[in-house]
Amino acid sequence: YLLRSFGTTAHEVWDVTVPEKPVIVSTPVRGLRDTHKNFWECDTGIAYLVSGPKGWRSRRILQVFDLSDPARPVHIRDYGLVGQEPGARNPLPDNQYQVHGAISTGVKRNRIYVGYGTVSNGILQILDRDKLVHGPKEPTEQNLLAAQVSIMYTSPHMGAHTTLPMLGMEIPDQSPNNRVVKRDFVALTNESTSNECLEPRQMTYFVDITDEKKPVPVSSYQVEGVNGKGFGPNTGCHQPVEEIISNEVPCAWFAQGLRIIDISNPQRMSEAAYYLPDPAPGQKRVCSNDVFQDKRGLIYLMDRWQGLHI
């Protein structure tokens, strides 16, 4: 099956068993103000849709659906920040914080990592999956806070495009003299949207969440030597792969192509390699938008304008 957003107004599920003949199966929700990046647990069927239902004080919140039977979607609940709910006592400014995407660790680890913001007003929010899916559904202040483990606000000049958990990592040079041999991190990636001279530099950050209640940023990575070269819009980073299979993490970096980040020491990230594709026909520069890595180690790099590199 394929879960996709239909423009900015709906979400759809398609049967793609025969790829050349996709068949629509259901439309879990329509009539939205906006959509974006969804996450679907294939083993449970629970889906976290980024949607803009009417009544909420944000164009993008989370809508939780049970899609275990894709032909019969079941709406579980809507979820956002306190102050975004309909009839909020202390309402947040409209659209100040917008969900960009969520990543679930599933039933076993029982956590969901939610990123708000793209290039500004970023938030890393950690949720208790069980309380989100099975807790009280009414969007009251108490019920919204019940599912929240912790929340970290970034600088207003940073977003939280992707919040990728990297759990149980060892830091080699600290293991001999540190009781906490393994640590938990989130790779927090901003998205560059404007000309590099018109916005703060957007980068990838590592946040130590070993103590979930107190997330602490510990390092950052950026491509060196591009400042002031006038590459135009979408010069900085976009997003990493969302399934980690080694310490070398592919990341789509727009005009800087594919960057492989060495995370073997999360407190000192470095570049292991890069690949800069040729621009798409008719374009002056590459725009590497999304990246995926399969278990064989093949990397699929999509250009925003046209084309796919493997």
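Along the sequence shown, residues are numbered consecutively beginning with 1. When reading the values below, keep in mind they use all heavy atoms of this one structure, side chains included, and skip hydrogens, waters and symmetry mates.
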For a 4.5 angstrom cut-off between non-hydrogen side-chain atoms, does Leu258 reach Cys251?
no

Under 3.5 Å: donor-acceptor pair, side chain of Ser58, backbone of Arg60
yes

Could you tell me whether the side chain of Val291 reaches within less than 4.5 Å of the side chain of Met302, counting heavy atoms only?
no

Treat each ILVMFWY residue as a node, draw an edge where side-chain heavy atoms are under 4.5 Å apart, and state whether Val13 and Ile46 are in one component.
no

Do you know the tightest heavy-atom contact between Pro53 and Asp78?
CG-OD2, 4.1 Å

Salt bridge (Lys or Arg N to Asp or Glu O under 4.0 Å) between Glu243 and Lys295, intermediate numbers included
CA-CA 9 Å; Glu243 184 175 0; Lys295 289 181 171 57; 3.0 Å; yes

Test your reading of the model: is there a side-chain donor-acceptor pair from Thr154 to the backbone of Gly122, 3.5 Å cut-off?
yes

Side chain proximity check, Val29 to Leu32, heavy atoms < 4.5 angstrom:
yes

Does Asn90 use its side chain to pair, donor to acceptor, with the backbone of Gly83 at less than 3.5 Å?
no

Counting C-beta onward and ignoring hydrogens, is there a side-chain heavy-atom pair between Lys137 and Ile76 closer than 4.5 Å?
yes

Transitive ILVMFWY side-chain link Leu49 to Val25, under 4.5 Å:
yes

Are the aromatic rings of Trp14 and Phe6 close, with centres under 6.0 Å apart?
no

Check whether Ser5 reaches the backbone of Thr35 with its side chain - one donor and one acceptor, N or O, closer than 3.5 Å.
no

Following the transitive rule for hydrophobic clusters with a side-chain heavy-atom cut-off under 4.5 Å over Ile, Leu, Val, Met, Phe, Trp and Tyr, establish whether Phe185 and Ile112 coincide in one cluster.
yes

Between Leu164 and Leu188, is there a side-chain heavy-atom distance shorter than 4.5 Å?
no

Just do the side-chain contact (heavy atoms from CB on, under 4.5 Å) check on Leu308 and Asp303 with the steps written out, would you?
CA-CA 6 Å; Leu308 175 71; Asp303 191 284; over 6 Å; no

Given side-chain contact (heavy atoms from CB on, under 4.5 Å), test Leu124 with Val207 step by step and report yes or no.
CA-CA 9 Å; Leu124 164 62; Val207 180; 4.1 Å; yes

Do you see a donor-acceptor pair shorter than 3.5 Å between the side chains of Asn110 and Asp128?
yes

Could you state the interatomic distance from OG (Ser220) to CG (Asn190), rounded to the nearest 0.5 Å?
10.0 Å

Closest non-hydrogen contact found for Pro165 with Ile103 is CD-CG2, 3.8 Å

Are Glu248 and Arg259 close enough, and set up right, to give a salt bridge (Lys or Arg N to Asp or Glu O under 4.0 Å), and what steps lead you there?
CA-CA 10 Å; Glu248 295 176 341; Arg259 299 287 158 162; over 6 Å; no

Taking NZ, NE, NH1 and NH2 as the nitrogens, is one of them in Asp294 or Arg296 under 4.0 Å from a carboxylate oxygen of the other?
yes

Does Val114 belong to the same Ile/Leu/Val/Met/Phe/Trp/Tyr cluster as Ile61, with side-chain heavy atoms less than 4.5 Å apart forming each link?
yes

Could you state the interatomic distance from CG (Asp262) to OH (Tyr221), rounded to the nearest 0.5 Å?
11.0 Å

Donor-acceptor contact below 3.5 Å, side chain Arg4 vs main chain Glu12
no

Does a donor on one side chain sit under 3.5 Å from an acceptor on the other, for His11 and Ser51?
yes

Could you tell me whether the side chain of Tyr79 and the main chain of Leu144 form a donor-acceptor pair under 3.5 Å?
yes

Between Asn143 and Glu138 (side chain of the first, backbone of the second, donor and acceptor by atom type, cut-off under 3.5 Å), is there such a pair?
yes

Between CH2 on residue Trp305 and SG on residue Cys287, distance to nearest 0.5 Å
5.0 Å

Could Arg304 and Glu191 be called an ion pair, given the rule that one side-chain N must be under 4.0 Å from one carboxylate O?
yes

Tightest non-hydrogen contact, residues Ile299 and Gln293, listed as CG1-OE1, 4.0 Å

For the side chain of Asn38 and the backbone of Val50, is there at least one donor-acceptor N/O pair under 3.5 Å apart?
yes

Test item: Asp184 side-chain N/O and Gly168 main-chain N/O as donor-acceptor pair under 3.5 Å
yes

So ring-ring contact (aromatic ring centres under 6.0 Å, His included) across residues 124-165, not counting sequence neighbours, yields Tyr97-Tyr153, His100-His161, His161-His238

Over 60° means perpendicular and under 30° means parallel, so tell me whether Tyr1 and Trp40 are parallel, tilted or perpendicular.
tilted

Any non-hydrogen side-chain atom of Val249 less than 4.5 Å from a side-chain atom of Ile244?
yes

What's the spacing between Ile310 CD1 and Leu298 CG if we round to 0.5 Å?
7.0 Å

Would the number of heavy atoms belonging to other residues, nucleotides or ligands and lying under 6.0 Å from NZ of Lys131 be above 12?
no

Test of understanding: with ring pair (Phe, Tyr, Trp, His ring centres under 6.0 Å), list the residues that count as partners of Phe65, not counting sequence neighbours.
His75

Is there a path of hydrophobic side-chain contacts, each under 4.5 Å between heavy atoms of I/L/V/M/F/W/Y residues, joining Leu127 to Val82?
yes

Go through the side-chain N and O atoms of Thr210 and Lys182 and say whether any donor and acceptor fall under 3.5 Å apart.
no

Would you check if there is a donor-acceptor pair between the side chains of Gln63 and Tyr48 at a distance under 3.5 Å?
no

For Arg72, is the CZ atom crowded, meaning more than 12 foreign heavy atoms sit under 6.0 Å from it?
no

CD1 (Ile260) and OG (Ser270) are apart, to the nearest 0.5 Å, by 12.0 Å

Gln98 and Tyr116 side chains, donor-acceptor separation under 3.5 Å
no

If you look at every heavy atom in Ser288 and Leu301, which pair is closest and at what distance?
OG-CD2, 3.5 Å

Separation between CD (Glu271) and CD (Gln222), nearest 0.5 Å, reads 11.0 Å

Which atom pair, heavy atoms only, marks the closest approach of Ala280 to Gln306?
CB-O, 3.5 Å

Polar side chain donor-acceptor pair, Gln239 to Thr189, under 3.5 angstrom:
no

If I compare all heavy atoms of Ser150 with all of Pro215, which pair ends up nearest, and what's the gap?
OG-CG, 4.0 Å

side-chain contact (heavy atoms from CB on, under 4.5 Å) between Ile126 and Gln148: does it pass, once the steps are laid out?
CA-CA 6 Å; Ile126 304 176; Gln148 179 176 290; over 6 Å; no

Any side-chain to backbone donor/acceptor pair from Ser219 onto Pro266? Under 3.5 Å, distance only.
yes

Could you go step by step and tell me if Tyr113 and Gln125 meet the side-chain contact (heavy atoms from CB on, under 4.5 Å) rule?
CA-CA 6 Å; Tyr113 300 88; Gln125 185 183 40; over 6 Å; no

For the residue pair Met166 and Ile263, establish whether any side-chain heavy-atom pair is separated by less than 4.5 Å.
yes

Any non-hydrogen side-chain atom of Arg129 less than 4.5 Å from a side-chain atom of Val107?
yes

Got a salt bridge between Arg111 and Glu212, using NZ or NE/NH1/NH2 to carboxylate O under 4.0 Å?
yes

